[in-house]
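Notes follow the structure.
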Amino acid sequence: VQLQASGGGLVQPGGSLRLSCAASGCTLSSGVMGWFRRAPGKAPEYVGAIIWSGGHTFYDDSVKDRFTISRDNGENTVYLQMNNLTPEDTAVYSCAVKSGPFSRYASDYRYWGQGTLVTVSS
């Protein structure tokens, strides 16, 4: 399984970005895809996740109502729409996949993408 995250960049506070995570080497018909981020000098942080079968989503309180996770079954891709970004959202964002039930713990995820940098600054 290979995961390719993309879509990061520089955005002003209050702006939006959409990240993509394309999966190859598998068909995401089950399991969970999660998004995590790591800010400079900080520990990795859970952002949100989507259960592939059914599309149910979960979010950390820090991004709830600003971020939205969605999936494109045909493209084997998951998206992270980020709105109303703040400097505190600056981080490397990574996607990861696990089998089985939802988890917010990075250690439960088996496959990881390489990450994409999001910088929120004026």
Side-chain angles (χ1 to χ4, degrees):
V1 176
Q2 292 186 330
L3 303 175
Q4 181 73 40
S6 60
L10 174 64
V11 62
Q12 293 186 340
S16 298
L17 276 178
R18 188 178 79 157
L19 305 184
S20 300
C21 181
S24 61
C26 69
T27 299
L28 294 175
S29 58
S30 64
V32 180
M33 182 174 282
W35 284 96
F36 297 82
R37 65 186 181 184
R38 186 164 190 166
K42 294 186 178 181
E45 180 181 40
Y46 161 76
V47 174
I50 183 167
I51 297 178
W52 198 262
S53 177
H56 192 77
T57 53
F58 304 84
Y59 302 96
D60 185 77
D61 286 345
S62 64
V63 305
K64 195 174 183 180
D65 298 328
R66 298 189 300 124
F67 290 11
T68 303
I69 298 173
S70 61
R71 75 191 195 285
D72 183 328
N73 288 3
E75 295 295 326
N76 232 24
T77 299
V78 170
Y79 302 98
L80 178 63
Q81 177 67 42
M82 306 185 295
N83 298 328
N84 195 20
L85 287 161
T86 73
E88 289 69 36
D89 295 315
T90 295
V92 174
Y93 285 71
S94 299
C95 54
V97 169
K98 70 178 297 293
S99 59
F102 163 75
S103 171
R104 63 179 293 136
Y105 299 106
S107 58
D108 290 335
Y109 287 75
R110 180 175 181 183
Y111 300 103
W112 288 80
Q114 86 291 354
T116 184
L117 176 62
V118 172
T119 303
V120 185
S121 174
S122 56

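Here, residue 1 is the first one in the sequence, and each next residue gets the next number.
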### Query
Side-chain heavy atoms under 4.5 angstrom apart, residues restricted to Ile, Leu, Val, Met, Phe, Trp, Tyr: same cluster for Val78 and Met82?
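Looking at the clustering, Met82 is in the same group as Val78.
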### Query
Are Tyr59 and Val32 grouped together when hydrophobic residues (ILVMFWY) are joined by side-chain heavy atoms under 4.5 angstrom apart?
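No, separate clusters.
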### Query
Can Phe36 and Val92 be said to form a side chain to side chain contact (heavy atoms under 4.5 Å, CB included), step by step?
CA-CA 8 Å; Phe36 297 82; Val92 174; over 6 Å; no
Mind listing the closest non-hydrogen atom pair of [X] and [Y] along with its distance?
{"X": "Asp60", "Y": "Arg104", "result": "OD1-NH2, 2.7 Å"}
{"X": "Met33", "Y": "Val97", "result": "CE-CG2, 3.6 Å"}
{"X": "Phe58", "Y": "Ile69", "result": "O-CD1, 4.2 Å"}

### Query
Are any side-chain N or O atoms of Asp72 and backbone N or O atoms of Thr77, one a donor and one an acceptor, separated by less than 3.5 Å?
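Checked: no pair found.
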### Query
Under the side chain to side chain contact (heavy atoms under 4.5 Å, CB included) criterion, do Val120 and Val11 qualify, and how do the steps go?
CA-CA 5 Å; Val120 185; Val11 62; 3.8 Å; yes
Atom pair [atom1]/[atom2] of [X] and [Y] - distance to nearest 0.5 Å:
{"X": "Asn83", "Y": "Thr68", "atom1": "CG", "atom2": "OG1", "answer": "6.5 Å"}
{"X": "Leu19", "Y": "Phe67", "atom1": "CG", "atom2": "CZ", "answer": "8.0 Å"}
{"X": "Thr90", "Y": "Leu117", "atom1": "OG1", "atom2": "CG", "answer": "8.0 Å"}
{"X": "Asn84", "Y": "Ser16", "atom1": "CG", "atom2": "OG", "answer": "7.5 Å"}

### Query
Taking side chain as C-beta onward, heavy atoms only, is Ile50 less than 4.5 Å from Thr57?
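A side-chain contact exists here, since the closest heavy-atom pair is under 4.5 Å.
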### Message
Does anything in residues 107-122 form a side chain to side chain donor-acceptor pair (under 3.5 Å)? List the pairs, not counting sequence neighbours.
### Response
Ser103-Asp108
#### Entry: side chain to side chain donor-acceptor pair (under 3.5 Å) pairs, two or more places apart, involving residues 33-49
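For residues 33-49: Arg37-Glu45, Arg37-Asp89, Arg37-Tyr93.
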